[in-house]
Visitor: 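Handing you a structure now.
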Amino acid sequence: MRTKPRVVVGLSGGVDSSVAAHLLIEQGYEVIGMFMKNWHDESVTISNECPWMEDSTDAMLVAEKLGIPFQAIDLSEEYRERIVDYMFAEYEAGRTPNPDILCNREIKFDIFLKAAQKLKADFVATGHYCQKGEIEVDGKPVYQLLAGADPNKDQSYFLCQLSQEQLAKALFPIGHLQKPEVRRIAKEADLITADKKDSQGLCFIGKVRLPEFLQQQLKPKKGKIIQIPENLEVYYNVQIPAGIAPEDWDEEILDAVSLPIHYTPNQGKVLGEHTGAHYFTVGQRKGLQVGGTGKPLFVISTDTKENVIYTGLGEDHPGLLRNALFVKSDQIHWIREDLALKPGESARYQARIRYRQPLSGATLIRKEKGLYVLFDQPQKGIASGQFVAWHQGEECIGSGTIF
Ligand SMILES: Nc1ncnc2c1ncn2[C@@H]1O[C@H](COP(=O)(O)OP(=O)(O)OP(=O)(O)O)[C@@H](O)[C@H]1O
């Protein structure tokens with residue numbers, strides 16, 4: 001009979017997961033190391049930057065050093081189906097996907113977790129910089145997703161789509177540590193990954209050349225680049241009116257300030273040509289290849305159906321700065337299900353729309369058709385398809401896909 005809880009650690013061949021495994025052994029767990037091979041395409045890999053063979057060997061050597069069993073599994077097919085296909089579909093539809101968040105929800109804490117459970121594991125552990133809390137609500141355990149103790153490394157944003165069931169099975173052994181401490185522990189334990197460079201690309205996407213990668217799947221299609229002036233009537237600046245409770249705000253006004261603006265070519269002037277609207281993302285500055293505009297030019301909207309890119313001059317262009325967004329009902333995710341807002345309710349939280357962005361005060365208003373998030377400060381480059389995560393201080397309460 002087993003006396004120790006069994007945990008499968010996702011060993012990536014990096015220092016963080018190596019130390020995670022080491023700490024779990026010290027804490028008395030029965031530890032198994034597992035490396036997963038994800039989908040990857042040689043033709044778009046930055047040379048020597050996606051060394052999965054080298055990574056899996058490092059993972060194996062770390063397991064050997066720690067004296068734990070090791071297994072490598074090939075999840076490339078599942079990864080292609082659930083992450084790569086989603087990415088192309090999102091770009092094609094003119095949205096900006098976040099493969100890292102999906103990878104955690106769909107691969108590491110789903111398929112990988114199920115593979116671990118086949119090995120009769122009680123938990124799955126990763127080297128993510130975040131922490132798990134446990135409280136009791138109405139006599140039942142409720143798990144919390146908390147920020148990593150190292151503010152420079154906090155990865156809770158990438159885990160903002162995890163459910164209570166997934167968190168129940170997750171362990172984050174290095175979340176209470178600072179990165180330099182993790183390296184020191186790795187050195188003291190004589191792990192070969194102690195000085196290994198941090199992986200640049202999160203998940204796989206940073207390890208490939210995104211433009212080439214997209215061009216392989218989505219055919220080039222020439223179209224117009226339009227410059228939109230700053231003084232269009234469609235720009236709104238929301239302020240919650242004093243004396244009116246947010247939940248009583250008029251839905252038409254909420255829609256007007258929170259939904260993406262649909263531009264038309266006759267609202268601006270033609271600046272040049274692009275190679276395909278589906279290659280571009282809201283907030284993007286590079287790759288437009290339009291010179292002589294004085295201030296930098298930013299993408300403020302893309303229309304993949306009409307194949308038009310709308311741009312604005314300067315980073316304070318009103319098309320780039322908005323302080324509200326919308327999440328459709330079926331895209332709202334509450335990690336803390338006990339705090340879920342019902343239609344007609346509102347709450348104050350702090351929110352972010354990208355990794356490592358400082359949290360900004362926000363009012364959440366739940367209506368029948370979805371959730372409105374009204375920020376206290378304007379946000380730059382709110383892009384459809386990206387995730388908004390809302391927090392109470394260190395704790396991530398929920399998240400949703402931006403409409
Ligand atoms: N190929 C993989 N096989 C198994 N687990 C993985 C793999 N890639 C990532 N993980 C797990 O997910 C965690 C977070 O992944 P991320 O890509 O952010 O790595 P990281 O923060 O650079 O960590 P590391 O230093 O361990 O590579 C890793 O610490 C590891 O536990």
Side-chain angles (χ1 to χ4, degrees), residues 7-24 31-40 49-63 66 68-76 78-79 83 98-116 119 121 123-132 145 148-150 152-160 162 166 169-175 177-183 185-187 189 191-208 355-356:
V7 49
V8 168
V9 185
L11 281 184
S12 64
V15 63
D16 297 328
S17 50
S18 308
V19 170
H22 169 72
L23 293 177
L24 286 168
V31 182
I32 299 171
M34 200 187 272
F35 176 86
M36 57 177 174
K37 184 182 170 229
N38 289 337
W39 179 90
H40 103 137
E49 285 214 9
C50 188
W52 76 264
M53 286 278 278
E54 193 186 313
D55 284 343
S56 69
T57 307
D58 286 350
M60 186 181 67
L61 291 174
V62 166
L66 294 173
I68 58 172
F70 174 78
Q71 197 175 22
I73 50 168
D74 185 351
L75 297 184
S76 46
E78 291 87 344
Y79 195 89
I83 312 297
N98 191 316
D100 300 299
I101 290 180
L102 258 277
C103 178
N104 285 315
R105 188 184 80 187
E106 300 288 324
I107 306 290
K108 289 178 193 160
F109 292 96
D110 187 30
I111 296 176
F112 187 81
L113 171 62
K114 286 177 185 144
L119 299 177
F123 298 101
V124 152
T126 60
H128 280 111
Y129 286 84
C130 65
Q131 305 182 74
K132 177 172 131 180
L145 174 66
D150 187 337
N152 293 319
K153 299 294 292 182
D154 169 32
Q155 290 177 312
S156 58
Y157 179 71
F158 291 130
L159 299 160
C160 68
L162 293 195
Q166 290 171 311
K169 299 283 170 208
L171 295 177
F172 305 115
I174 62 155
L177 297 171
Q178 309 283 319
K179 181 83 191 202
E181 290 177 81
V182 170
R183 288 218 182 268
I185 294 170
K187 272 210 175 76
L191 301 177
I192 51 154
T193 49
D195 294 315
K196 194 165 167 180
K197 206 169 111 223
D198 282 356
S199 61
Q200 277 310 301
L202 302 139
C203 214
F204 82 106
I205 194 60
K207 296 165 187 164
V208 303
Y355 174 52
R356 295 193 63 189

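For the single chain, residues carry numbers from 1 onward in sequence order. Just the heavy atoms: all of them, side chains too, but no hydrogens, waters or symmetry mates, feed the values below. Every number for a ligand or one of its atoms is a count from 1 in the order of the listing. Quantities reported herein were computed from a predicted structural model and do not represent experimental measurements.
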Visitor: What closest approach, in Å, do Val19 and Ala186 show between heavy atoms, and which atom pair accounts for it?
Guide: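 Shortest heavy-atom contact: CG2-CB, 3.6 Å.
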Visitor: Quickly, which of His128, Gln155, Gln131 forms a side-chain contact (heavy atoms from CB on, under 4.5 Å) with Phe172? Name it, please.
Guide: His128
Visitor: Could you check, using the six-membered ring where one of them is a Trp, whether Phe158 and Tyr355 have ring centers closer than 6.0 angstrom?
Guide: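 For Phe158 and Tyr355, the ring centres are under 6.0 Å apart.
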Visitor: Specify side chain, backbone, both or neither for Asp55, according to which of its non-hydrogen atoms lie closer than 4.0 Å to ligand 1.
Guide: neither
Visitor: Does an N or O from Val15, backbone or side chain, lie closer than 3.5 Å to an N or O of ligand 1?
Guide: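 Yes, at least one N or O pair falls under 3.5 Å.
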Visitor: Does Ile83 form a side-chain contact (heavy atoms from CB on, under 4.5 Å) with Ile107? I'd like the steps, not just the answer.
Guide: CA-CA 9 Å; Ile83 312 297; Ile107 306 290; 4.0 Å; yes
Visitor: Going by the atom numbers of ligand 1, which of them fall below 4.0 Å from some non-hydrogen atom of Gln155?
Guide: 18 (O), 21 (O)
Visitor: Mind checking whether Phe112 has an N or O less than 3.5 Å away from an N or O of ligand 1?
Guide: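 In fact, backbone or side chain, Phe112 has no N or O that close.
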Visitor: Minimum heavy-atom separation for Ala125 and Leu24, please, with both atom names.
Guide: CB-CD1, 3.5 Å
Visitor: Please indicate whether any nitrogen or oxygen in Met36 is less than 3.5 Å from any nitrogen or oxygen in ligand 1.
Guide: yes
Visitor: Which of the numbered atoms in ligand 1 are below 4.0 angstrom from a heavy atom of Met34?
Guide: 4 (C)
Visitor: Regarding ligand 1, does Ser17 bring an N or O atom to under 3.5 Å of one of the ligand's N or O atoms?
Guide: yes
Visitor: Under 3.5 Å, is there a donor-acceptor pair between the side chain of Lys169 and the main chain of Leu113?
Guide: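 It does not hold such a pair.
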Visitor: Could you walk me through whether Asp58 and Phe35 pass the side-chain contact (heavy atoms from CB on, under 4.5 Å) check?
Guide: CA-CA 10 Å; Asp58 286 350; Phe35 176 86; over 6 Å; no
Visitor: Leu11 heavy atoms, cut-off 4.0 Å: which ligand 1 atoms fall inside?
Guide: 3 (N), 4 (C), 5 (N)
Visitor: Just go through Asp16, Val62, Leu75 and tell me whose heavy atom is the nearest to atom 23 (O) of ligand 1.
Guide: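 When every heavy atom of Asp16, Val62, Leu75 is considered, Asp16 comes closest to atom 23 (O) of ligand 1.
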Visitor: Could you tell me whether Ser12 and ligand 1 have an N or O pair separated by under 3.5 Å?
Guide: yes
Visitor: What residue among Lys196, Lys179, Arg183 forms side chain to side chain donor-acceptor pair (under 3.5 Å) with Asp16?
Guide: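 With Asp16 as partner, side chain to side chain donor-acceptor pair (under 3.5 Å) holds for just one option, Lys179.
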Visitor: Record the part of Lys37 in heavy-atom contact with ligand 1 below 4.0 Å; permitted values are side chain, backbone, both and neither.
Guide: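 Neither part.
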Visitor: Classify the contact between Lys108 and ligand 1 as side chain, backbone, both or neither, using a heavy-atom distance cut-off of under 4.0 Å.
Guide: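 Only the side chain of Lys108 comes within reach of ligand 1.
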